[in-house]
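Scroll down for the structure; my scribbles are underneath it.
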Number of protein chains: 2
Amino acid sequence: MHTMSLSHAILTALLDEDLTGYALAKQFDVSLGFFWQASHQQIYRELKGLHLAGRVNVEEVPQHGKPDKRVYSLTTLGRDMLESWIVDSTRARGAKDELFIKLFNVGSVPVKQITLAIEQRKAEHTRKLELYRKIEMRNYTSPLTLPDRKKGVYLSLLAGIRQEQTALIWCDDALDLLTTVRSNPKVKG
Amino acid sequence: MHTMSLSHAILTALLDEDLTGYALAKQFDVSLGFFWQASHQQIYRELKGLHLAGRVNVEEVPQHGKPDKRVYSLTTLGRDMLESWIVDSTRARGAKDELFIKLFNVGSVPVKQITLAIEQRKAEHTRKLELYRKIEMRNYTSPLTLPDRKKGVYLSLLAGIRQEQTALIWCDDALDLLTTVRSNPKVKG
DNA sequence: AATTTTTATGCAATTAGTTGCATATAGCTC
DNA sequence: GAGCTATATGCAACTAATTGCATAAAAATT
């Protein structure tokens with residue numbers, strides 16, 4: 001079964017460079033993590049499993065004071081796992097978004113609360129879009145001339161940018177339509 | 001803590017009508033489930049918990065042959081739980097999408113495999129968009145004249161439609177850019 | 001000098017989600 | 001009449017993800 005995607009995300013991050021769990025966690029915060037979030041606890045646990053399964057090597061780097069660094073690198077087995085996952089895995093993890101569940105409550109709960117949730121979401125999208133744009137301007141102004149191994153990363157970023165844009169426009173349209181909702185019945189009709 | 005969203009999704013589905021676990025599972029397949037998937041096993045388990053917590057009532061409807069129906073309905077406590085969840089919960093469950101992790105492998109794995117994954121995804125988006133459009137044409141041709149309690153559902157659908165459209169365009173652009181990738185090095189450079 | 005942030009690792013407990021299985025009848029199709 | 005689909009419920013086992021806690025020192029900030 002090629003299901004546990006966190007391990008694949010970790011292996012992917014190790015393609016470019018050998019990393020410690022700590023460094024991996026940071027990577028997840030700034031790039032891979034835009035599309036696959038994970039906490040450091042999860043990452044450490046997963047690394048242990050990957051090591052046990054021979055997908056990664058560990059090099060222990062003694063340090064004074066701090067815990068020793070454990071620098072992980074891909075093994076051939078790890079690469080193979082990654083490649084075969086790319087080939088077979090299809091399973092689409094269903095979208096889960098609370099906001100839409102909230103929207104199903106329009107008409108039964110004060111609209112105000114729901115518009116508030118949308119406004120919060122809008123702010124979030126704005127923040128993300130700005131972040132993505134910044135990254136784009138810094139590293140991906142000329143997609144066609146990128147080295148091959150950067151093209152996928154760029155495309156992910158592009159997807160992120162467009163998702164945020166679409167979402168932002170939707171937020172405004174949603175807020176518009178919700179101004180036409182007057183009643184807030186609390187009982188079932 | 002207002003975290004477990006499946007229970008909120010269930011309570012939301014019960015706003016409109018009283019339902020059995022089975023009927024809920026079906027609802028999840030066709031509307032709420034576009035934005036929050038759940039298996040029948042999950043739903044039955046959750047219903048039990050909600051009942052234990054006094055958020056829903058059960059009415060047992062004896063049947064011959066088949067297991068007795070258990071028809072669930074919201075209690076006042078359930079409504080309150082739902083409303084307070086709408087007010088406080090903010091937590092954005094991070095997007096998790098395998099496809100983007102796959103994209104990070106461009107340059108290290110045969111591009112073919114990745115374009116294939118995108119094509120699969122494209123087909124999926126096409127299928128979903130068609131489905132959403134069908135629902136839109138059937139029930140939501142005139143958003144402004146909808147009864148209030150349908151407006152949120154419509155907005156969810158609208159979000160779905162736009163997400164799929166955006167994703168489809170992106171798929172094509174991605175496939176385009178990936179035609180410019182020639183090399184498939186399997187070793188770290 | 002004291003506080004906060006960053007580096008660096010990890011365990012334990014809990015909650016959420018998936019997969020496989022089990023039961024049992026009615027009704028429809030081949 | 002054999003097999004499939006729909007109705008209707010649920011347990012058990014497992015995998016994945018989250019949350020809270022714990023340690024410990026260097027570096028940066030106030």
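Each chain gets a letter, A, B and so on, in the order its sequence line appears, and its residues count up from 1.
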Is the shortest side-chain N/O distance from Lys96(A) to OP1 or OP2 of dG17(C) below 4.0 Å? yes
Going by the side chain to side chain contact (heavy atoms under 4.5 Å, CB included) test, name the single residue among Gln163(B), Glu164(B), Gln165(B) that passes it with Ile161(B). Gln165(B)
Return the value, rounded to whole Å, for the distance between atom OH of Tyr44(B) and atom C1' of dT18(C). 17 Å
In whole Å, I'd like the distance from the OH atom of Tyr22(B) to the P atom of dA26(C). 16 Å
Quickly work out the Gln27(A) CD to dA8(C) P distance and round it to whole Å. 14 Å
Show the nearest heavy-atom pair for residues Gly54(A) and Thr75(A), with the distance to one decimal. O-OG1, 2.7 Å
Using whole Å, report how far CG of Leu6(B) lies from C1' of dG17(C). 9 Å
With a sphere of 6.0 Å drawn around CZ of Arg149(A), does it hold more than 12 non-hydrogen atoms of other residues, nucleotides or ligands? no
Given dC11(C), dA8(C), dA17(D), which nucleotide is nearest the side-chain atoms of Lys48(A)? dC11(C)
Round to the nearest Å and state the distance from Asp29(B) atom CG to dA6(D) atom P. 11 Å
Could you give the NE2-to-P distance, from His40(B) to dT18(C), as a whole number of Å? 12 Å
Which nucleotide in the list dC21(C), dT18(C), dT9(D) gets nearest to the side chain of Gln41(B)? dC21(C)
Whole Å only: how far is the CG atom of Leu19(B) from the C1' atom of dT9(D)? 16 Å
Tell me which of Gln42(A) and Tyr72(B) sits closer to the 5' end of DNA chain D, going by the nucleotide each one is nearest to. Tyr72(B)
side-chain N/O Thr20(A) vs dT9(C) OP1/OP2, d < 4.0 Å: yes
Over-ring placement of Lys122(B) relative to Trp170(B), 6.0 Å and 45° cut-offs: no
State whether Lys26(B) places a side-chain N or O below 4.0 Å from either non-bridging phosphate oxygen (OP1 or OP2) of dA8(D). no
Do Phe100(A) and Leu32(B) come close enough that some side-chain heavy atom pair is under 4.5 Å? no
Just how far, in rounded Å, is P of dT18(D) from CD of Glu98(A)? 12 Å
Starting at the 5' end of DNA chain C, which residue's closest nucleotide do you reach first, Arg45(A) or Val71(A)? Val71(A)
